[in-house]
Amino acid sequence: MTTPRLRFSPAPTGYLHVGSARSALFNWLYARRVGGTFVLRIEDTDVDRSTPELIGAIHDSLGWLGIDWDEEYRQSDRFDAYRAAAADMLERGLAYHCDCSQDDVKARNDARGDGSSGYDGHCRERGVQPGDGVVVRFRTPDEGVTGWDDLIRGRVEFDNAVLEDFVIVRSTGVPMFHVANAWDDLDMGITHVVRGEDLVNTTPRVLLLRQAMGATDQPMYAHLPLIVNEQRKKLSKRRDDVSVGDYRERGFLPEAMRNYLVTLGWGDPDGQEIRPIDEIIERFDLAAINKAPAFFDVAKLESFNAEYIRALDDDVFLELIRPYVSAEAHAAIVPVVADVKDRCKRLDGAAEFVDWVVGPPAEPVEKDWKKHMGRAEVPEVLDAVVADLEALDDDAWTAEQMEAVVMGVGARLSTEDRTVRSQMPVRLALTGQRSGLPLWTPMVVLGRDAVLDRLRDARARLDA
RNA sequence: GCCCCCAUCGUCCAGCGGCCUAGGACGCUGCCCUUUCAAGGCGGUAACACGGGUUCGAAUCCCGUUGGGGGUGCCA
């Protein structure tokens, strides 16, 4: 038995699409699962879109996700082989030259008026010679069936009759991706082709080409269900956030992203969704992948991300958020790192927890203010807290003392008839918000003057 | 138009003929814990698209309908 060989073949577009990332991931998972080889093949036969920067974006995102590859190829380095393969097909009569312009083809189709849209085989027997504006087309069989046993979908078949004679060499002399794809899969000994469902229609062409190149076997195919948006349409660059790099910038952890991507189309029967990558590799199975499209649910991704963030060591978290927060915010977070980490859904959201420590308190929401500051005992509470805090020596300005003072006031003011809660008025006065970090340590960081100022401001506001 | 594919809670996944009065996760939500929030614990909400078969028995198999999606380039 030969070692399985899988490949991820992205076109260099300048970013890695999340759908592509998942294809890469599933290829990689399977390769690692079965001890196979994972090949990265850059499909850059459309030369003007092949630059080191565009390819670098793919490398970066794959690397970020922890997807490593064993071999790498670039199709632009292999044009000679594709040209030779095309020439050979030409020589053997399996392909022919065609000088029809796209307008010609369209005009004939319109004239026919039967709704057909593809190439009509006009040049099949015309003996067109190579020249300006001349392409090479593959002569598809007129009868018979081309199909394969898809690992995910089962048997898929196309009548050869519906396959038009497609272009295999552009008029510029550059072979089309089908040729490169078929030749490389054959030449590189690819055994499993795992890719998006949007490519099923090109599979019969590749299979026919592969045959024409002398192959007698087929690789195993597994066509993945598409990742869709809320409209159930394929994720598009225009309307959706599709770039892996963008998610990275928005503070998602690669482990969370990778883990979430796996759940789009696959789930372990034991029901556990979040688990270490080694365990996923161990359990992953191509044949168990779902057939239906999956919605990319950012809310769920964030939930995964929050869980991965919580599992981070405090010091690791502190380093990871550095690019996302100001130096001031970072310094403010250090003393309360665990509290921030536990509440942080994305790395870029860390700073908001200490906004009120670094800057002025937020302007309170009218409704919250009325509800919590409108209570009869609030003036008493604020006065008492201010008084008790003022009485504190500078060296007693500690988190323990903050808690003792604030909670003490509540306890002191409570009677059998009423329970006085002092925390919320203080919170609103200090932060302007009704929820957030535990107050005690941040109060120390904020400092005596600011704390007292804010409490007095709030108290004054009650009278206004 | 033609070709291909898909169809379980709002969403993702489990289920591969009886264990299903359909399970888990996200979301939403109730209670507990807590003088905030978060986390955690315990509940709740909510689905087998429809119609025919096959079978003693169907979410699971077959056919059709409906609904969605993908493709239909000298892009990949």
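Within every chain, numbering begins at 1; the chains are lettered A, B, ... in the order of the sequence lines, protein sequences first and strands thereafter.
Under 4.0 Å is where a charged nitrogen must lie from a carboxylate oxygen, and between Asp184(A) and Arg78(A) at least one such pair does. Between Lys300(A) and Glu273(A) there is a salt bridge, with a side-chain nitrogen of the basic residue lying less than 4.0 Å from a carboxylate oxygen of the acidic one. Ion pairing between Lys106(A) and Asp110(A) holds under the 4.0 Å rule for side-chain N and carboxylate O. Salt bridge Asp80(A)/Arg83(A): present, at least one basic N to carboxylate O contact under 4.0 Å.
Proximity of Arg232(A) to the phosphate of rC12(B): a side-chain N or O atom is located under 4.0 Å from OP1 or OP2. Close to rA76(B), at under 4.0 Å from its OP1 or OP2, lies a side-chain N or O of Arg170(A). Put simply, Thr202(A) has no side-chain N or O that comes within less than 4.0 Å of OP1 or OP2 on rG71(B). Asn290(A) has a side-chain polar atom (N or O) that falls below the 4.0 Å cut-off from OP1 or OP2 of rA14(B). Dashed line: the shortest gap from a side-chain N or O of Arg195(A) to OP1 or OP2 of rA76(B) is not under 4.0 Å.
Atom CG in Asp103(A) sits roughly 13 Å away from atom C1' in rG73(B) (whole-Å rounding). Atom CZ in Phe353(A) sits roughly 13 Å away from atom C1' in rU36(B) (whole-Å rounding). Between Phe296(A) atom CZ and rG10(B) atom C1' the separation is 18 Å, expressed in whole Å. Distance CG (Asp185(A)) to C1' (rA76(B)): 13 Å, rounded to an integer number of Å. Going from atom CG of Asp198(A) over to atom P of rG73(B) covers 15 Å, rounded to whole Å. Rounded to a whole Å, the CG atom of Leu264(A) is 7 Å from the C1' atom of rC12(B).
The base of rC74(B) is not paired with the side chain of Thr172(A) by any donor and acceptor separated by under 3.5 Å.
The gap from the P atom of rG51(B) to that of rC33(B) amounts to 48 Å, rounded to the nearest Å. With both ends at atom P, the span from rG1(B) to rA58(B) equals 37 Å, rounded to whole Å.
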Could you list, one pair per line, each protein nitrogen or oxygen that sits under 3.5 Å from a nitrogen or oxygen of nucleotides 29-35 of chain B, together with the distance?
| residue | atom | partner | partner atom | Å |
| --- | --- | --- | --- | --- |
| rU35(B) | O2' | Gln423(A) | NE2 | 3.0 |
| rU35(B) | O2 | Ser422(A) | N | 2.8 |
| rU35(B) | O2 | Gln423(A) | N | 3.4 |
| rU35(B) | N3 | Ser422(A) | N | 3.4 |
| rU35(B) | N3 | Ser422(A) | OG | 3.4 |
| rU35(B) | O4 | Met407(A) | O | 2.5 |

Contact list (N/O, under 3.5 angstrom) for nucleotides 20-28 of chain B vs protein:
| residue | atom | partner | partner atom | Å |
| --- | --- | --- | --- | --- |
| rG24(B) | N2 | Glu273(A) | OE2 | 2.9 |
| rA25(B) | O2' | Glu273(A) | OE1 | 2.5 |
| rA25(B) | N3 | Lys300(A) | NZ | 2.9 |

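Among the atoms of the strands shown, none is found under 4.0 Å from any heavy atom of Thr419(A). Residue Ala288(A) is classed as a sugar-phosphate contact, given heavy-atom separations below 4.0 Å to backbone atoms only. Here Arg343(A) lies in heavy-atom contact (under 4.0 Å) with a base. Within 4.0 Å of Phe177(A), counting heavy atoms only, lies at least one base atom of the nucleic acid. Across all strands, Gly196(A) comes closer than 4.0 Å to no nucleic acid atom at all (heavy-atom distances). Contacts of Val167(A) with the nucleic acid, taken as non-hydrogen atoms under 4.0 Å apart, involve only primed sugar atoms and P, OP1 or OP2.
Partners of Leu62(A) according to the side chain to side chain contact (heavy atoms under 4.5 Å, CB included) rule, which considers only residues two or more places apart in sequence or in another chain, are Phe8(A), Leu16(A), Ala24(A), Leu40(A), Ile58(A), Ile67(A), Trp69(A). Applying the side chain to side chain donor-acceptor pair (under 3.5 Å) test to Arg375(A) and every residue at least two apart in sequence or in another chain returns Glu377(A).
A donor and an acceptor atom, one from each side chain of Thr203(A) and Arg195(A), are located under 3.5 Å apart. Side-chain contact check for Thr140(A) and Asn160(A): no donor-acceptor pair (N or O, by modelled atom type) lies under 3.5 Å. In this structure, a donor-acceptor pair under 3.5 Å is absent between the side chains of Arg170(A) and Thr172(A).
For the pair Arg454(A) and Trp356(A), the cation-pi criterion (under 6.0 Å, within 45° of the ring axis) is not fulfilled.
As the counterpart of rG1(B), rU72(B) is assigned, both hydrogen-bonding distances of the Watson-Crick or G-U wobble pattern falling under 3.5 Å. Within the shown strands, rC32(B) is the pairing partner of rG40(B) under the Watson-Crick or G-U definition, both distances less than 3.5 Å. When both distances must be under 3.5 Å, the Watson-Crick or G-U wobble mate of rC9(B) does not exist. The partner of rC50(B) is rG64(B), judged by Watson-Crick or G-U wobble contacts that both fall below 3.5 Å.
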Please report, to 0.1 Å, the donor-acceptor pairs under 3.5 Å made by any side chain of residues 334-345 of chain A, with sequence neighbours excluded.
| residue | atom | partner | partner atom | Å |
| --- | --- | --- | --- | --- |
| Lys341(A) | NZ | Leu312(A) | O | 2.6 |
| Lys341(A) | NZ | Asp314(A) | OD1 | 2.9 |
| Arg343(A) | NH1 | Asp339(A) | O | 2.8 |

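A residue-by-residue look at Cys344(A) and Pro225(A) shows that Pro225(A) has its nearest nucleotide of RNA chain B further toward the 5' end.
Using a 4.0 Å cut-off on heavy atoms, none of the residues of residues 355-380 of chain A approach RNA chain B.
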